[in-house]
Amino acid sequence: MRYSQLLIPTAKEMPAEAEVISHQLLLRAGFIRKLTSGLYTYLPLGTAALRKVENIVREEMNRAGAQEILMPMVQPADLWEESGRWQKYGPELLRFKDRHQRDCCLGPTHEEVVTDVARREIHSYRQLPVNLYQIQTKFRDEIRPRFGLMRGREFLMKDAYSFDASDEAAEESYRKMREAYIRIFTRCGLEFRAVEADSGSIGGSFSHEFMVLAKTGEDTLVICQSCDYAANLEKAKAAMPVKPESSEAVQDCVKVATPGMKKVDKVAEFLGLSTQQVIKTMIYLADSELVAVLVRGDREVQPVKLKNLLNVTDVELADDDTVWQKSKLPVGYIGPVGLPIRFVADQEVMLMVNAAAGANEKGHHLTGVNPNRDFTPAMVGDLRQVTADDCCPLCGAALRLTEGIEVGHIFKLGTKYSEAMKATFQDADGQEKTMIMGCYGIGVSRVVAAAIEQNHDQNGMIFPLPLAPVQVIVLNLDLKNEAITAAAEQLHQELEAAGLEVLYDDRDERPGSKFKDADLLGIPYRVTVGKGVEKDGTVELRARCSGETVMLPLAEAAREITAKIKAELTAG
RNA sequence: CGGGGCGUAGCGCAGCCUGGUUAGCGCGCCUGCCUUGGGAGCAGGAGGUCGCAGGUUCGAAUCCUGCCGCCCCGACCA
């Protein structure tokens, strides 16, 4: 490919609209252009990088026995009515009517459509298991698109759906996908972790997220320093609390005046206690019902855990006015003793002895509060957010918190959709049974962004070889010099003939620009054809990632470079 | 949707507070010369509804009102 004939609009300056590095570099290097918020055009190099990821994903999905299909982007509302998601799915489902006034939506995911395929086409256990996947543009009308390709409204996704005859078989399908995902992200040259995750709105019994470790990640991961426990912060378990051996006599519950003491630390200080001895009572709106949540004073509530414990679709911290209007409770002085609204407690709270808590009366708290004697929560569970000070729930070692970018998510769905949509089959025993499903997603376009987040320097991107839009760039440093140009043209041809992806910089630019652009584009190998050709018949090969350079005789350059790249790809 | 910021040439910005002929600068782009191992130099040139609409004024990029768009922080998620 001749650089002079390709649309690669690089820029010297950082685009002002981009905040994170992948977005900045994708724009600067001419990989993408914004149409409007959350919608991007992929220019030639961006498209090439996207295809690289896509092909790796396709190869590994096929290897794992999945079959590629392609489903429509426009979907009829009736299917969504059947699954119940027409009502449940929020405004990120883009809905519209066709010319016949029929309700439609743009597919944000394809459980409904694929389940419809399965129920129509699969009737016997002999046809199972089946794993169908597609690589397709998804549309989600995100509340806030951001960070370029990281969270667009339209994005390229690989989504796969497995159908099995039994739970065991479904778990086997899940395991296969987990392995395929590990292979995919390893091949992409990414540093990643598979972590336990919340299954979110897609629903289902268990799931893992694949997270690329990068500072700009939108998620927080909890990783054990010693064993392989890793979880999303939303899901991370704290090590089970141990009941402290306390010789302390159980005190009576006493009301004390704590004027103006609304915050836990103030209350604790005033009463001469540590924050650990105070019960913090947070009021949430759970599907518009007020629910109080008790955690130890030094802890924070993890909303997703709360949502799951309460089995509601939405929880939100209630503001003071709402609390007052709905319950006449004074925020800052609320506590579990005699609390008129439903309340739940973090498991740790139940081990507290002689705690302090709000008295449900402005300006007053109670001391000597003891669980079970003075209050009984409607439910008890793990509700608090894990911190870096916690210990691993499996092995007790120290935990580390780190940021990550979610690039893949696998779920065991169970029968959530197959039951609602009656996807059944006849089993060997003649019984009609419901298919067990799993679903498996990869944000293909997000992988490109994540790879850049993880691999860049001050000069630009540094693509891992398998993801690079082209593998090698040949720089012709002096177009007017016949010897140099002849050598560069020859090298370009030889490398392409050898099956490499080559970009030949034949632009009438000065060397400086060519070096800068080659770095910016992040092409793994750069061959400079310049004065060396005339001096001693050599060209320079430089690796983008290490900066390492070697001089190669022109005659052997193509062969050596080809061998090096092929070897590296095979090793990876 | 709540909070913050921004819209002036393809890109990055100044001018606006304190209204006043022809709206500037750098990069990029076009022509020519020159130059060729880390975004050179010289000369000439093209390119603007100052986001949109309305208002105030003799006069608006500048002041006022409304709208639109974009970016960032929160809830959502591949």
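Letters A, B, ... mirror the listed sequences (proteins, then strands); counts begin at 1. These numbers come from a predicted model, not from an experiment.
Few gaps surround NZ on Lys138(A); more than 12 heavy atoms of other groups in view lie less than 6.0 Å from it.
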Mind listing the N/O atom pairs, protein and nucleotides 41-47 of chain B, below 3.5 Å?
none

What's touching nucleotides 69-72 of chain B from the protein side, N or O pairs under 3.5 Å?
residue : atom : partner  : partner atom : Å
C70(B)  : OP1  : Thr36(A) : OG1          : 2.4
C70(B)  : OP1  : Ser37(A) : N            : 3.0
C70(B)  : O3'  : Lys34(A) : NZ           : 3.0
C71(B)  : OP2  : Ser37(A) : OG           : 3.0

Polar pairs (N or O, both sides) under 3.5 Å between protein and nucleotides 26-33 of chain B?
residue : atom : partner  : partner atom : Å
G26(B)  : N2   : Glu13(A) : OE1          : 2.9
C27(B)  : O3'  : Lys12(A) : NZ           : 3.3

So which protein N/O to nucleotides 49-52 of chain B N/O distances come out below 3.5 Å?
none

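Separating the P atom of G55(B) from that of U18(B) is a span of 24 Å, rounded to the nearest Å. Taking the P atoms as reference points, A46(B) lies 13 Å from C25(B), given to the whole Å. Across G3(B) and A75(B), the matching C1' atoms stand 13 Å from one another, rounded to whole Å. A gap of 5 Å separates the P atoms of C63(B) and C17(B), to the nearest Å. Here, U35(B) and A23(B) have their C1' atoms 35 Å apart, quoted to the whole Å. Rounded to whole Å, the separation between the P atoms of G44(B) and C72(B) comes to 42 Å. With both ends at atom C1', the span from G15(B) to U62(B) equals 9 Å, rounded to whole Å.
Judged by Watson-Crick or G-U wobble contacts below 3.5 Å, the nucleotide A75(B) has no partner. Look at U22(B): it lacks any Watson-Crick or wobble partner with both distances under 3.5 angstrom. Of the nucleotides present, none pairs with U35(B) by Watson-Crick or G-U wobble criteria with both distances under 3.5 Å. Across all strands shown, G66(B) is found opposite C52(B) as a Watson-Crick or G-U wobble partner, with both distances under 3.5 Å.
Partners of Glu560(A) under the salt bridge (Lys or Arg N to Asp or Glu O under 4.0 Å) rule, at least two apart in sequence or in another chain, do not exist in this structure. Partners of Asp141(A) according to the side chain to side chain donor-acceptor pair (under 3.5 Å) rule, which considers only residues two or more places apart in sequence or in another chain, are Arg153(A). Glu142(A) meets the side chain to side chain donor-acceptor pair (under 3.5 Å) test with Arg151(A); sequence neighbours excluded. Under the side chain to side chain donor-acceptor pair (under 3.5 Å) criterion, Glu548(A) pairs with no residue, sequence neighbours left out. Applying the salt bridge (Lys or Arg N to Asp or Glu O under 4.0 Å) rule to Asp478(A) yields no partners; only residues at least two apart in sequence or on another chain are considered. Shown here are the salt bridge (Lys or Arg N to Asp or Glu O under 4.0 Å) partners of Glu54(A), two or more places apart in sequence or in another chain: Arg51(A), Arg58(A).
Sorted by first and then second residue, the ring pair (Phe, Tyr, Trp, His ring centres under 6.0 Å) pairs involving residues 49-73 of chain A (not counting sequence neighbours) form an empty list. Note on residues 437-457 of chain A: pairs passing side chain to side chain donor-acceptor pair (under 3.5 Å), not counting sequence neighbours, are Ser22(A)-Glu453(A), Ser162(A)-Tyr440(A), Thr216(A)-Glu453(A), Asp457(A)-Arg544(A).
Here A78(B) presents its P atom at 15 Å from CD of Gln134(A), a figure rounded to the nearest Å. Separating the CD atom of Glu540(A) from the P atom of G38(B) is a distance of 11 Å, rounded to the nearest angstrom. In this structure, Glu54(A) atom CD and A78(B) atom P are separated by 19 Å, rounded to whole Å. In this structure, Leu233(A) places its CG atom 13 Å from P of C76(B), rounding to the nearest Å. Across the protein-nucleic acid pair, Leu479(A) atom CG and G37(B) atom P stand 13 Å apart, rounded to whole Å. In this structure, CZ of Phe411(A) is placed 9 Å from C1' of A78(B), rounded to the nearest angstrom.
Judged by distance alone, the side chains of Gln385(A) and Glu234(A) never bring a donor and an acceptor atom under 3.5 Å apart. Judged by distance alone, the side chains of Gln134(A) and Asp159(A) do bring a donor and an acceptor atom under 3.5 Å apart. Side-chain contact of Glu112(A) with Ser83(A): a donor-acceptor pair under 3.5 Å is present, judged by distance alone. No donor-acceptor contact under 3.5 angstrom links the side chains of Tyr417(A) and Asp116(A), judged on distance only.
Contact annotation for Asn481(A): no contact, since no heavy-atom pair falls under 4.0 Å across all strands. If you check every strand for non-hydrogen atoms under 4.0 Å, Gly512(A) touches sugar and phosphate atoms only. As judged by a 4.0 angstrom heavy-atom cut-off over every strand, Gly408(A) is placed among residues touching the sugar-phosphate backbone only. Among the heavy atoms of the strands, none lies under 4.0 Å from Met211(A). Contact annotation for Arg33(A): no contact, since no heavy-atom pair falls under 4.0 Å across all strands. Residue contacts for Asp219(A): at a heavy-atom cut-off of 4.0 Å it reaches a base atom on one of the strands shown.
Put simply, the side chain of Asp478(A) and the base of G37(B) share no donor and acceptor less than 3.5 Å apart. One can find a donor-acceptor pair under 3.5 Å joining the base of U36(B) and the side-chain atoms of Lys480(A). A donor N or O paired with an acceptor N or O is not found under 3.5 Å between the base of C77(B) and the side-chain atoms of Arg140(A). Arg507(A) contributes no side-chain N or O that forms a donor-acceptor pair with the base of G39(B) under 3.5 Å.
In this structure, the nucleotide among U36(B), G38(B), A78(B) sitting nearest to the side chain of Arg446(A) is A78(B). The side chain of Lys516(A) has G39(B) as its nearest neighbour among A78(B), G37(B), G39(B).
Each of Asp519(A), Leu26(A), Leu521(A) was compared with Met461(A) under the side-chain contact (heavy atoms from CB on, under 4.5 Å) criterion, and only Leu26(A) meets it. Considering Leu310(A), Val301(A), Leu290(A) as possible partners of Tyr284(A), the one that fulfils the side-chain contact (heavy atoms from CB on, under 4.5 Å) test is Val301(A).
The phosphate of U35(B) has neither OP1 nor OP2 within less than 4.0 Å of any side-chain N or O from Arg510(A). Considering only side-chain N and O atoms, Lys138(A) lies nowhere under 4.0 angstrom from the phosphate OP1 or OP2 of A78(B).
Using bins of under 30°, 30° to 60° and over 60° for the plane-to-plane angle, the ring pair Tyr181(A)/Phe210(A) lands in the tilted bin.
If Gly443(A) and Gly532(A) are placed on RNA chain B by their nearest nucleotide, the residue sitting closer to the 5' end is Gly532(A).
A cation-pi arrangement is present between Arg507(A) and Tyr3(A), with the terminal nitrogen or guanidinium carbon under 6.0 Å from the aromatic centre and inside a 45° cone about the axis.
An aromatic stacking contact links Phe155(A) with the base of A78(B), defined here by ring centres under 5.5 Å apart and ring planes under 30° from parallel.
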